[in-house]
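Everything below concerns the one structure shown next.
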Amino acid sequence: MTPLEPIRPELSRQIKVLRLSRQRMSLMSVATHHLPAAAVAAAVRAAAAPLDAVGTLADGSVGVISLRASGTDGGAGVEDRFLPRLQASLSHYCRDDGTFRVWFRSVHRWAAELGTADDIIASLFDAPARPVRVRQEPALLTMPFRPLRHAGYPL
C-alpha cells in the first residue's frame, strides 16, 4: 500500500476550483494511538466514499475531504455515513477486551467562504476531538445444513 500524501495540496486545489460554487466541503480527521499509522490510513481509505480525498494532516492524523451539494443537514449526513464504515473497517483491530477508541474531528464549510486550505484546517483543529468507540464485530455463527422438519418428510 502506498503511503498517504499530505492533504493540504489537494484541499487547496479543490478550494480554488469550487470557490464560486454552492458546494459544501467537509474535512474530517481520524487519529488513534492504538494502531500504526499505516493501519489507520488503510482503514480510513476503506471507509471513505469513492470521490473523497484522503491524506495526512500536520498533526499526523488522517484527513478526509468530502464534497456535497447544499443541504440542510449541516454536515451530519457525511459523518453519519462515514463513521459506521470506519468502525467496521477498524473492528478487526480490536484487542482482547473487544474495544478501543479513535479520536474524530470534523468541520463543514461552504467552499465559497474559504480563502485557503488553512481556513478549514484551522477550523478543524479548533473543533473538539470526540472519542468514537470501535467494537469488535460479532462472529457469525455457522451451523451445518440441517433441513427443517416438514410434514411428510422424516428426518
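Excluded from the calculations below are hydrogen atoms, water molecules and symmetry mates; all remaining heavy atoms, backbone and side chain alike, are included.
- Here CD1 of I121 is found 10.0 Å from CG of D59. Values are rounded to the nearest 0.5 Å.
- Judged by distance alone, the side chain of R85 and the main-chain N or O of A48 form no donor-acceptor pair under 3.5 Å.
- Heavy atoms only, all atoms of each residue included: P84 and E79 are closest at CD-O, 4.1 Å.
- A heavy-atom distance below 4.5 Å is found between the side chains of V30 and F82.
- Between L124 and S29, some side-chain heavy-atom pair lies under the 4.5 Å cut-off.
- Here the closest heavy-atom approach between residue V40 and residue V62 is recorded as CG1-CG2, 3.8 Å.
- Applying the salt bridge (Lys or Arg N to Asp or Glu O under 4.0 Å) test to R109 and every residue at least two apart in sequence or in another chain returns E113.
- The structure places CE of M28 at 11.5 Å from CG of L57, a figure rounded to the nearest 0.5 Å.
- Residues I120 and V107 meet the side-chain proximity criterion, which asks for heavy atoms closer than 4.5 Å.
- Residue F100 comes nearest to L90 through the heavy atom pair CE2-O, 3.8 Å, listed as atom of the first residue, atom of the second, then distance.
- Remark: W110 CH2 to Q23 CD distance equals 9.0 Å, nearest 0.5 Å.
- Remark: R130 fails to qualify as a cation-pi partner of W103 under the 6.0 Å distance and 45° angle criteria applied to the six-membered ring.
- A donor-acceptor distance shorter than 3.5 angstrom exists from the side chain of R81 to the backbone of G77, with no hydrogens or angles considered.
- In this structure, the side chain of S91 does not engage the main chain of V134 through any donor-acceptor pair within 3.5 Å.
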Take T32 and R101 through the test side chain to side chain contact (heavy atoms under 4.5 Å, CB included) and record every step on the way to the result. CA-CA 7 Å; T32 185; R101 290 184 186 182; 6.0 Å; no
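- Between R105 and P128, the shortest heavy-atom distance links the atoms CG-O, 3.9 Å.
- The CD1 atom of I15 sits 7.0 Å away from atom CG of D119, with the distance rounded to the nearest 0.5 Å.
- Paired with V64 under the rule side chain to side chain contact (heavy atoms under 4.5 Å, CB included), one option of V78, I7, V54, L86 passes, and it is V54.
- Of all the heavy atoms in E10 and Q14, the pair that sits closest is OE2-NE2, 2.7 Å.
- Scanning both residues, I65 and M25, for their nearest heavy atoms gives CG2-CE, 4.0 Å.
- Between the side chain of S89 and the main chain of A43, a donor-acceptor pair closer than 3.5 Å is present.
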